[in-house]
Amino acid sequence: TVHGGRIALVDGVSYQIRVLDGTGRPLGTIGRALAPRRPTRADVAAAREEARPRLISPEGIPQVAGATSEGPAAGARDARAVLKEIEDGLDAMTFNDRIPVVLGIRYDAEGRLWVARTPDVWGKAPLLDVFAPDGAYLGTTRALPRLPDAFGHGGLAAFIEKDDLDVPYLRVVRIAF
């Protein structure tokens with residue numbers, strides 16, 4: 001993420017965020033003494049369930065090219081066979097031995113760095129740590145459902161959401177400090 005000529009990046013599983021200037025020269029590191037954790041059975045199950053709707057519709061139709069619910073057509077494959085392949089693939093998913101502590105980072109309009117931490121249970125809302133422009137830790141909040149998609153001046157935060165018809169819309173909230 002970039003703000004005011006500064007670049008913040010995470011390139012590992014620990015809570016170490018490197019801050020660089022626009023030329024790539026290191027300016028410092030922001031971090032907390034939080035260790036990555038091993039995935040639990042609940043994490044693995046939740047990750048598989050999170051992936052399922054991207055692959056199979058609520059009606060049970062594969063969300064992949066080349067599958068039809070009417071059966072094989074010219075160049076198409078039987079949806080039942082594709083569903084079995086998807087389920088087999090979900091069961092065969094592998095996972096890293098450690099879950100990264102940092103889920104995402106973003107600067108707000110005032111130069112504060114927001115860090116979304118991976119929750120204790122996969123699929124739950126992340127904890128959001130906030131750091132001042134100078135890197136000082138300001139605190140942690142659970143007040144937001146996730147890291148905002150964008151920030152505006154005056155404490156505005158924007159979230160891209162979808163309605164019941166899967167139409168995207170923008171929800172803007174004001175964050176009080």
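As a basis for the values below, the full set of heavy atoms in this structure was taken, side chains included, without hydrogen atoms, waters or symmetry mates.
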Hey, quick one: are [X] and [Y] part of the same hydrophobic cluster, counting side-chain heavy atoms closer than 4.5 Å, chains of contacts allowed?
X	Y	answer
Leu34	Leu147	no
Val2	Val115	no
Phe151	Leu128	yes
Leu55	Met93	yes
Leu144	Val130	yes

Find the distance between [atom1] ([X]) and [atom2] ([Y]) and round it off to the nearest 0.5 Å.
X	Y	atom1	atom2	value
Leu103	Arg146	CG	CZ	11.0 Å
Asp21	Leu27	CG	CG	5.0 Å
Gln16	Thr29	CD	OG1	6.0 Å
Tyr107	Arg6	OH	CZ	4.0 Å
Ile99	Arg117	CD1	CZ	14.0 Å
Leu156	Ile175	CG	CD1	8.5 Å

Contact check, side chains of [X] and [Y], non-hydrogen atoms, under 4.5 Å:
X	Y	answer
Pro168	Glu161	no
Thr23	Arg25	yes
His153	Asp108	no
Pro100	Tyr15	no
Ile17	Leu113	yes
Pro62	Ile86	yes

Do the charged groups of [X] and [Y] touch, with an N to O distance under 4.0 Å?
X	Y	answer
Arg32	Asp129	yes
Asp43	Arg38	no
Lys84	Asp88	yes

Does the [X] side chain pair with the main chain of [Y], one donor and one acceptor, at a distance under 3.5 Å?
X	Y	value
Arg52	Ala47	no
Arg106	Ala150	no
Asp149	Ile160	yes
Arg174	Gly154	yes
Asn96	Arg98	no
Arg37	Asp120	yes
Arg48	Leu90	yes

- [ ] Taking the six-membered ring for Trp and the single ring otherwise, decide whether the centroids of Phe131 and Trp114 are under 6.0 Å apart.
- [x]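 They do not qualify: ring centres at least 6.0 Å apart.
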TODO: Carefully, step by step, assess Ser57 and Glu59 under the rule side chain to side chain donor-acceptor pair (under 3.5 Å).
DONE: CA-CA 5 Å; Ser57 76; Glu59 296 78 27; 3.1 Å; yes
Nearest atoms (heavy-atom pairs only) where [X] meets [Y]:
X	Y	value
Leu170	Ala158	CD1-CB, 3.8 Å
Pro119	Ala125	CB-O, 3.7 Å
Val102	Ile105	CG1-CG2, 3.8 Å
Ile30	Gly135	CD1-CA, 4.0 Å
Pro36	Ser14	CD-CA, 4.4 Å
Ile7	Gly22	CD1-CA, 4.4 Å

